[in-house]
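The next block holds one structure in the form of structure tokens; read it before the comments.
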Amino acid sequence: MNHPENHDQYKGLTVNAGIEQPASVNPYFKRIPRKTLRPVSDYVEGILKGDITMLSQAVTLVESMRQDHQQVAQEVIEKCLPYSGNSVRVGISGVPGAGKSTSIDVFGLHILERSAGKLAVLAIDPSSERSKGSILGDKTRMEQLSVHPDSFIRPSPSAGSLGGVARKTRETIILCEAAGFDKIFVETVGVGQSETAVHSMVDFFLLIQLAGTGDELQGIKRGIMEMADGIVINKADGSNIDKAKLAAAQFSNALHLFPAPESGWTPQVLTYSGFYNIGVKEIWDMIYRYIEFVKGNGYFELRRNQQSKYWMYESINDQLRESFYNNPLIEGLLPDMEQQVLQRNQTSFVVARKLLDAYFEQMRSVENR
Ligand code: GDP
């Protein structure tokens, strides 16, 4: 072969003729056209038929920051609203490693076997904003559920503030319910504020705890315990059983010191093992007992109404804040105003007032135009 290195002056190996190099782009690759927005009615009809692809696409629109996506999403939500609400919504929280994904896999299979219906697993992950892409609710973490025909697993929306992310999850609940999902899990990492967000959209708030240190109650915030309708101590298996029982007793005692919850329900503490599927049935017996109890005394309706009200105000607050901070006039004024405060030329309150006046003034002039 006529290759420069096959010349006599080189004593090394002979260079063979190579093969023709394949193209760097797969010739069978077809460029997938960018999905065009469908009419609102397509999404709504698909969702009401229980079409998972349509549901997923609609959820993607709910999560999108694009104005045109949001507009379609909001219309879809509005049309689905009359078909929503008919479900049991359970919030599941616990620190990383508490066993949430293992447990949700087992809980999910248990309730799908126990009664007909469909389960959606959603998530609120406050860290997803930082990590750019959420792991919480990731399908691979729930091996059995993820391949179950009656389940729908959706990771946490990843963009925006906790309030924004939570709002999207709440909107996704509406779509899932309209698609016939009558059991909804909302998972969150137990790190503080995200529990409040989850608590504000579920009927039952389940807190997963671990035994071990003997000071179980130390690290856990009182506010979070007060939100719990049930506390479950996971990993009650092997040599851990006694420790789990002790932890359960400590939690029970601590709960008695709190004021009686508005629901009239006494939060219960149970031990279980998600891994070995021990005590899982009892947890679901407890949750169903609770639902029956609060449906009987009217608290179920009351809590849902309170939540709707909460989300109305959250939505207003969010949108006002966004409109204010994204306003170009305010964006231009803010750095200087901040300096004024830092240099003590003006007080925080005066500066805040001035900025708000400037904002409202501009809003009015836009309106009068
Ligand atoms: P998450 O971070 O809260 O979702 O927790 P994972 O479900 O990923 O579980 C964390 C670790 O605890 C994994 O290594 C699991 O195998 C283990 N684990 C989960 N549930 C149990 C259980 O009931 N018993 C025992 N011994 N280990 C468990």
Side-chain angles (χ1 to χ4, degrees), residues 90-113 119-131 133-148 151-158 162 165 169 184-199 202 204-214 216 219-221 224-225 227-228 230-248 251 268-287:
V90 179
I92 299 177
S93 178
V95 292
K100 289 180 299 301
S101 27
T102 315
S103 303
I104 289 173
D105 211 24
V106 178
F107 290 170
L109 285 182
H110 174 81
I111 59 170
L112 286 175
E113 272 168 22
L119 166 71
V121 181
L122 312 176
I124 293 178
D125 177 4
S127 63
S128 57
E129 198 183 348
R130 263 170 285 137
S131 62
S134 161
I135 42 161
L136 205 68
D138 193 335
K139 292 186 179 195
T140 55
R141 291 168 64 235
M142 294 154 202
E143 283 174 15
Q144 302 179 83
L145 260 193
S146 61
V147 294
H148 197 290
S151 81
F152 174 70
I153 301 178
R154 185 83 186 185
S156 174
S158 59
L162 170 61
V165 167
T169 303
I184 314 273
F185 288 175
V186 186
E187 176 194 9
T188 193
V189 166
V191 288
Q193 280 180 322
S194 53
E195 281 95 343
T196 315
V198 171
H199 185 255
V202 297
F204 189 99
F205 187 75
L206 186 72
L207 190 58
I208 300 183
Q209 288 293 312
L210 290 178
T213 58
E216 280 47 288
I220 168 166
K221 292 200 190 77
I224 294 173
M225 263 185 82
M227 278 192 283
I231 295 179
V232 287
I233 319 286
N234 190 16
K235 308 194 187 180
D237 47 51
S239 57
N240 213 20
I241 294 183
D242 288 342
K243 273 193 249 165
K245 283 193 180 142
L246 180 66
F251 275 111
Q268 292 175 10
V269 186
L270 299 173
T271 61
Y272 79 109
S273 165
F275 202 73
Y276 295 100
N277 200 349
I278 305 167
V280 169
K281 178 183 177 293
E282 286 72 11
I283 295 176
W284 289 92
D285 287 345
M286 165 181 76
I287 293 175

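In each ligand, atom 1 is the first atom listed, and ligand 1 is the first ligand listed. Heavy-atom basis, side chains included; hydrogens, waters and symmetry copies ignored.
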Practice task
Could you list which atoms of ligand 1 come closer than 4.0 Å to a heavy atom of S273?
Solution key: 22 (C), 23 (O), 24 (N)
Handout entry: Ligand-side contact atoms (ligand 1) for residue partner D237, heavy atom cut-off under 4.0 Å
Key = 22 (C), 23 (O), 24 (N), 25 (C), 26 (N)
Handout entry: ligand 1 atoms in contact with P96 (distance to a heavy atom under 4.0 Å)
Key = 2 (O)
Handout entry: Results of ring pair (Phe, Tyr, Trp, His ring centres under 6.0 Å) for F107 - residues two or more places apart only
Key = Y272, W284
Exercise for the section: Sequence neighbours left out, what passes side-chain contact (heavy atoms from CB on, under 4.5 Å) with A228? Give chain and number order. Expected result: F205, L207, I231
Handout entry: Pairwise distance OG1(T196) to CD1(I124) - rounded to 0.5 angstrom
Key = 10.0 Å
Handout entry: N240 side chain vs K235 backbone, donor-acceptor pair below 3.5 Å
Key = yes
Exercise for the section: Could you tell me whether T102 and ligand 1 have an N or O pair separated by under 3.5 Å? Expected result: yes
Practice task
Give a yes/no on ligand 1: does V95 have at least one heavy atom closer than 4.0 angstrom to it?
Solution key: yes
Fill in the blank from the handout: Looking at K235, E187, K100, the heavy atom closest to atom 11 (C) of ligand 1 belongs to K235
Handout entry: Residues F251, V232; criterion side-chain contact (heavy atoms from CB on, under 4.5 Å); working and verdict
Key = CA-CA 10 Å; F251 275 111; V232 287; over 6 Å; no
Fill in the blank from the handout: dist I111:CD1 -> I283:CD1 (nearest 0.5 Å) comes out at 12.0 Å
Practice task
Mark up the atoms of ligand 1 that fall under 4.0 Å of a heavy atom belonging to G274, in ascending order.
Solution key: 23 (O)
